[in-house]
Amino acid sequence: MKARTLDGKTVAARIRKTMTEEVAALTARHGRAPGLAVILVGEDAASEVYVRNKKKACVDCGIESEAFSQTLPANTTQQHLLGLIAELNANPKVDGILVQMPLPAQINPETVIEAIEPDKDVDGFHPYNVGRLAARIPSLRSCTPYGCMKLLEETGIDLHGQEVVVVGASNIVGRPMALELLLAGATVTVVHKFTRDLQSHVERADIVVAAAGKPGLVKGAWIKPGAVVIDVGINRLPDGSLTGDVEFAPAAERAGWITPVPGGVGPMTITMLLANTVQAFREHLGDAP
Ligand code: GUN
């Protein structure tokens, strides 16, 4: 392997250490800890793991989560969930509200996201927060793209004018990722399921961000020598192992930098959720830097 590893675990641990100290100081100064409500509806196995990890990360850095979090049954009505969100919106001890996606079919995710007060939308999914990013005045930023930007910072590469190809156009990753990169001065192409020639786009990219959720979609042989490869995909194979959207071994022979899966983008997403919660807390207290 020729590429240098963009090690999300190490970067995340460094950011979390600093944040834990910051949370302790803020908690002492204001007499309460930051509060994050994590809401899970139903019994999706992957979501249960994500939610458990998010709550544990809160405990580890001094954010109060257990007191406000709830797991609701799969047959929960949209009206009930909206009632709970209204209560959390009104609770001054709650700085952030996260409703884990996907939701059961009877609940409309857009309605739920729009019900969360934008200043408590620590996922950065509310159209207000996406719009702030599009208008170059970001507030709470979507966690995964925000984490990818932190990883790109680690390379020391100036993003101005870099050719970046984002593979995938989802609301959670691809779209806000493109907006982050545009804000940073990159030349951004978003490719998606209707794109005619994925290979030709990837081949000319200085930076590839793969977020399609399709194992091995991006072939290692397509990677431009020296390019940066950020693999957001977390796909479970039939043998139980995790793999990204990029063919790792051949890509690592060509790339200058590459994220592993697991241990690349994954740890950064939760870290930026914590960072958003601390930012919301500071803003609620009038103690933003
Ligand atoms: N489901 C998959 N990723 C996410 C995320 O970042 N936030 C929420 N709320 N749900 C998700």
Side-chain angles (χ1 to χ4, degrees), residues 8 12 35-58 63 65 68-72 74 76 78 81-82 84-85 88-89 94-105 107-130 133 138 140-151 166 168-177 179-180 209-214 230-236 242 244-245 259 261-262 264-277 279-280:
L36 173 64
V38 180
I39 308 301
L40 173 64
V41 187
E43 283 151 18
D44 180 76
S47 291
E48 281 173 2
V49 175
Y50 292 138
V51 163
R52 200 178 322 126
N53 290 342
K54 287 171 186 178
K55 289 191 202 161
K56 180 177 180 305
C58 283
I63 294 173
S65 175
F68 311 117
S69 295
Q70 286 195 31
T71 298
L72 303 172
T76 298
Q78 178 167 303
L81 180 58
L82 293 177
L84 173 60
I85 291 171
L88 294 167
N89 279 338
V94 173
D95 299 290
I97 303 169
L98 180 147
V99 180
Q100 186 66 27
M101 304 288 163
L103 288 164
I107 301 179
N108 182 319
E110 278 89 28
T111 306
V112 169
I113 289 167
E114 287 203 89
I116 297 170
E117 281 297 333
D119 62 283
K120 296 193 176 187
D121 166 41
V122 286
D123 262 326
F125 290 169
H126 193 291
Y128 174 85
N129 285 317
V130 181
L133 180 59
L140 292 169
R141 312 160 87 128
S142 302
C143 302
T144 301
Y146 194 10
C148 292
M149 295 306 285
K150 292 278 174 198
L151 286 178
V166 178
S170 69
N171 285 1
I172 292 185
V173 188
R175 282 163 202 261
M177 187 76 235
L179 293 173
E180 285 283 357
V209 181
K214 291 198 167 57
I230 308 277
D231 193 347
V232 182
I234 303 179
N235 308 292
R236 198 167 287 282
L242 291 177
D245 289 355
T259 58
V261 177
V265 176
M268 296 301 293
T269 296
I270 297 191
T271 303
M272 301 333 287
L273 169 69
L274 304 175
N276 278 347
T277 304
Q279 184 183 326

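What you are looking at is a predicted structure, and each value in this text was computed from that prediction instead of being measured. When a ligand or atom number is given, it counts from 1 through the structure's own listing order.
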For ligand 1, does F125 get within less than 4.0 Å through its side chain, its backbone, both, or neither, judged by non-hydrogen atoms? side chain
Compute the minimum heavy-atom distance from T144 to ligand 1 and say whether it is under 4.0 Å. no
I85 versus I97, closest heavy-atom pair with distance: O-CD1, 4.3 Å
Quick one: does any side-chain atom of K55 pair with a main-chain N or O of S65 as donor and acceptor, under 3.5 Å? no
E43, CD atom: more than 12 neighbouring heavy atoms under 6.0 Å: no
Give yes if a backbone or side-chain nitrogen or oxygen of M101 is under 3.5 Å from a nitrogen or oxygen of ligand 1, and no if not. yes
Tell me whether Q100 has any N or O atom under 3.5 angstrom from an N or O of ligand 1. yes
Should the proximity of M272 to ligand 1, defined as any heavy atom under 4.0 Å, be assigned to the side chain, the backbone, both, or neither? neither
Please list the nearest protein heavy atom to atom 8 (C) of ligand 1 with its residue and the distance rounded to 0.1 Å. D123 OD2, 3.5 Å
Main-chain N/O of A212 paired with D245 side-chain donor or acceptor, under 3.5 Å: yes
Of all the heavy-atom pairs spanning V122 and G96, show the shortest one and how long it is. CG1-CA, 3.8 Å
Rounded at 0.5 Å granularity, tell me how far OH in Y128 sits from CG in L140. 9.5 Å
N/O to N/O below 3.5 Å, does that happen between V99 and ligand 1? yes
